[in-house]
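Worksheet: one structure, shown below.
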2 protein chains.
Amino acid sequence: MKPEPRLVEVRRNVLKHNDLVARELRARFQREGIAVVSLVSSPGSGKTRFLESTLSRMNSRYRVAALVGDLATENDAVRLARSGAPVKQIVTGTVCHLDASMIRSSLEEWHLADVDYLFIENVGNLVCPASYDLGEDVRAVLMSVTEGEDKPLKYPAIFNGADVAVITKMDLCEAAEFDLESARANIQAVRPGLRVLCVSAKTGEGMEEWMEYIESLTPAQK
Amino acid sequence: MKPEPRLVEVRRNVLKHNDLVARELRARFQREGIAVVSLVSSPGSGKTRFLESTLSRMNSRYRVAALVGDLATENDAVRLARSGAPVKQIVTGTVCHLDASMIRSSLEEWHLADVDYLFIENVGNLVCPASYDLGEDVRAVLMSVTEGEDKPLKYPAIFNGADVAVITKMDLCEAAEFDLESARANIQAVRPGLRVLCVSAKTGEGMEEWMEYIESLTPAQK
């Protein structure tokens with residue numbers, strides 16, 4: 001019995017199919033002038049709260065929307081919808097990541113020309129989402145101070161494939177005895193030159209810098 | 001192009017193969033009189049520190065050993081080896097979970113009759129490890145207070161397949177504004193009757209109760 005070679009072969013086909021759909025999505029986003037930002041992290045890193053704060057800050061000035069992935073529950077969509085932005089939940093069942101086809105299907109009912117920024121919150125998982133292009137412009141990898149400084153070294157693929165790293169829950173930095181310099185060094189070891197932002201959605205620390213970063217992505221056509 | 005049906009079919013074969021190896025491992029562990037405990041959680045939930053504390057507490061009274069899985073680095077094996085117990089790192093590369101064959105290969109050089117308790121620390125991932133039986137007697141799912149109370153609802157499969165839930169980093173409970181009763185209710189909603197232990201490897205809180213639980217698993221043949 002040789003399951004591995006067959007699995008690899010099929011996985012390649014799935015990934016190739018995903019890449020084609022992602023390329024199609026990226027072209028469509030550019031055509032419509034939408035900046036697309038995806039968020040990946042472990043479960044419990046604070047993606048939803050961070051995104052909630054981001055949407056609330058942007059909603060009065062931009063047309064923002066969000067897709068949010070989870071294995072189960074629509075809780076995150078309910079939380080994010082409080083910001084006033086249109087939000088759609090993607091329930092993946094047992095699938096450990098979002099893929100480009102899920103994004104495409106979720107966008108079917110939306111009029112994309114009415115959106116300036118689309119945020120995509122992936123399933124909480126520091127491994128599998130690394131392999132799936134969603135057609136985004138920017139992928140942000142989040143890690144919270146309570147997870148420890150070593151995560152970039154232990155999950156290198158997801159940090160390597162990110163465009164920006166966001167260290168969250170900075171308000172817990174001291175309580176968690178988090179060594180920020182060591183975390184920065186580990187990020188740079190895995191992905192030299194990667195921009196790192198430090199934030200707390202709770203206290204607002206670093207959120208202005210994040211907003212400036214996001215606004216620098218303003219779609220050219222709008 | 002129909003990638004999904006083929007993927008499902010191949011995945012079934014891989015899982016079936018895994019189940020056969022896991023069954024073989026379980027029979028072997030019983031024959032040798034070893035109690036096997038696996039730990040699953042998100043990245044950064046404190047599995048390694050918890051296991052380090054567990055091994056240190058047990059090492060003078062029992063013959064304990066550990067296998068530890070990570071995508072990259074041997075850091076955890078180095079940390080755990082400080083306890084004095086034999087430890088082996090399984091580096092999975094891009095694979096998001098341990099499987100039974102990895103466990104079997106890792107045990108090849110060990111004389112299992114010399115071990116009372118074997119601990120297996122899985123890759124940090126709340127999704128994929130749920131599908132892979134490792135031949136363990138007990139699977140403990142860990143969640144830290146900083147991850148939020150909703151994790152059982154959002155990752156139901158892994159809580160449903162666990163034999164005990166361990167809430168870690170209780171020392172950060174207040175700083176993280178963690179609602180223990182809500183977390184307990186969410187665990188019970190997903191897996192009614194699941195035993196829940198609350199611990200802090202840092203302060204030692206709850207570690208005695210965990211030790212009693214582990215010692216209640218004492219292999220019958222020794």
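In what follows, every chain begins at residue 1, and chains take the letters A, B, ... in the order their sequences are listed.
Here the rule is side chain to side chain contact (heavy atoms under 4.5 Å, CB included) with B:Tyr132, and of B:Asn122, B:Val21, B:Leu98, B:Leu15 only B:Leu15 fits it.
Residues B:Gln89 and B:Asn75 approach most closely at OE1-N, 4.2 Å, considering heavy atoms. The two residues B:Thr92 and B:Val95 have their closest heavy-atom pair at OG1-O, 2.7 Å. Residues B:Ser101 and B:Asn18 approach most closely at N-OD1, 4.5 Å, considering heavy atoms. Among all heavy-atom pairs drawn from A:Ala100 and A:Leu134, the shortest one is N-CD2, 3.8 Å. Residues A:Asp133 and A:Arg26 share a closest heavy-atom pair of OD1-NH2, 2.8 Å.
Qualifying side-chain contact (heavy atoms from CB on, under 4.5 Å) partners for B:Glu24, counting only residues two or more places apart in sequence or in other chains: B:Arg104.
A donor-acceptor contact shorter than 3.5 Å is absent between the side chain of B:Lys88 and the backbone of B:Leu67. A donor-acceptor pair under 3.5 Å is formed between the side chain of A:Gln188 and the backbone N or O of A:Leu194. The backbone N or O of B:Thr73 sits nowhere less than 3.5 Å from a side-chain atom of B:Asp70 that would complete a donor-acceptor pair. With A:Asn125 contributing its side chain and A:His97 its backbone, the two residues share no donor-acceptor pair below 3.5 Å.
Ranked by heavy-atom pairs under 4.5 Å with chain B, the first of A:Gly124, A:Ser144, A:Cys128 is A:Gly124.
Between B:Trp210 and B:Phe119, the ring-plane angle classifies as tilted under the 30° and 60° cut-offs.
Below 4.5 Å, heavy atoms of chain A meet heavy atoms from B:Glu147, B:Asp150, B:Lys151, B:Leu153, B:Lys154, B:Tyr155, B:Pro156, all part of residues 147-165 of chain B. Residues of residues 171-186 of chain B placed with any heavy atom under 4.5 Å of a heavy atom in chain A are listed by number as B:Leu172, B:Ala175, B:Ala176, B:Glu177. When the heavy atoms of residues 37-50 of chain B are compared with those of chain A, the residues falling under 4.5 Å are B:Ser42, B:Pro43, B:Gly44, B:Thr48, listed by number.
Of the N and O atoms on the side chains of B:Ser83 and B:Ser56, not one donor lies less than 3.5 Å from an acceptor on the other residue.
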